[in-house]
Amino acid sequence: MKKTLAVTVAMLSLSMFATPGFCDTKKGEKINAQHEFEEHCAVCHPKGGNIMKPDKTLSKKSMAGHGIKSEKDIVAKMRNPGPGMNKFDAKTVSDKEAAAIAGYILKTFP
Ligand code: HEC
């Protein structure tokens, strides 16, 4: 009986860690920008494309055509996206993670 309880508690705490955010960067941990991108953005932007709006990809050229030129502009888009895109507030993606993702996009998709 005691053992069952211990197992239940162990499983419960495990599932708490497995809820959304479990993949999020913990304090002091290095941010893996590619990993963050794949976790949050790649569903709709595989390889920097855009499955919903093919004319709004993450390529430098496309973004520049829409006034997005710097890391800051990309972060602004995440905080305040256009129609069809998820909103990523600071709870979902911290400022540090957002900047890392933006930097990754700028250097990865020409
Ligand atoms: C649910 C699908 C979805 C997800 C997830 C998503 N996006 Fe988007 N994204 C879109 C759509 C749709 C647009 C076009 C919105 C518009 O018309 O303004 C877009 C547009 C953009 C643009 C502007 C591209 C351009 O050429 O103007 C940027 C930058 C961008 N997304 C970055 C991101 C980042 C960074 C993430 C992850 C943190 C992300 N998106 C996650 C759907 C998504």
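In this chain, residues are counted from 1 in sequence order. Counting convention: from 1, in listed order, for ligands and their atoms alike.
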Of the non-hydrogen atoms in S59 and P110, which two are nearest, and what is the gap between them?
CB-O, 3.3 Å
Protein heavy atom at shortest distance from atom 1 (C) of ligand 1:
C44 SG, 2.7 Å
Return the orientation label for the F109 and F37 ring planes: parallel under 30°, perpendicular over 60°, tilted otherwise.
tilted
Interfacing atoms of ligand 1 (cut-off 4.0 Å, heavy-atom, I68):
23 (C), 27 (O)
Is it the side chain, the backbone, both or neither of K56 that has a heavy atom closer than 4.0 Å to ligand 1?
both
Among protein heavy atoms, which sits nearest to atom 15 (C) of ligand 1, and what does the distance come to when rounded to 0.1 Å?
P83 O, 3.6 Å
H66 versus S62, closest heavy-atom pair with distance:
ND1-O, 3.0 Å
Should you measure from each heavy atom of I105, which atoms of ligand 1 turn up under 4.0 Å away?
35 (C)
Side chain R79, main chain K87, donor-acceptor under 3.5 Å:
no
Give the minimum heavy-atom separation between V75 and A102, together with the two atoms involved.
CG2-CB, 4.1 Å
Flag side-chain contact, heavy atom, 4.5 Å: V43 against M52
no
N/O of H45 under 3.5 Å from N/O of ligand 1, yes or no?
yes
Any idea which part of K53 is under 4.0 Å from ligand 1, heavy-atom wise: side chain, backbone, both or neither?
side chain
Could you tell me which non-hydrogen atom of M63 sits nearest to which non-hydrogen atom of L58, and how far apart they are?
CE-O, 3.4 Å
Evaluate the side-chain proximity of T92 to M78: yes if any heavy-atom separation is below 4.5 Å, no if none is.
no
Is the shortest N/O to N/O distance between S62 and ligand 1 below 3.5 Å?
yes
Going by the atom numbers of ligand 1, which of them fall below 4.0 Å from some non-hydrogen atom of L58?
22 (C), 28 (C), 29 (C), 30 (C), 31 (N), 32 (C)
What are the two closest non-hydrogen atoms of D73 and G67, and how far apart are they?
OD2-O, 3.7 Å
May I ask you to identify the nearest protein heavy atom to atom 13 (C) of ligand 1, giving residue, atom name and distance to one decimal place in Å?
N50 ND2, 3.4 Å
Whether K60 side chain and L106 backbone form a donor-acceptor pair below 3.5 Å:
yes
Provide, to 0.1 Å, the distance between atom 37 (C) of ligand 1 and the closest protein heavy atom, together with that atom's residue and name.
C41 SG, 1.9 Å
Contact between V93 and ligand 1, counting heavy atoms under 4.0 Å?
no
Measure the distances from the heavy atoms of D73 to every atom of ligand 1 and state whether one is below 4.0 angstrom.
no
Heavy-atom nearest neighbour of atom 5 (C) of ligand 1 within options H40, K87, M85, H66:
H40
Checking heavy atoms under 4.0 Å, the part of K77 that sits near ligand 1 is side chain
Mark up the atoms of ligand 1 that fall under 4.0 Å of a heavy atom belonging to T57, in ascending order.
24 (C), 25 (C), 26 (O)
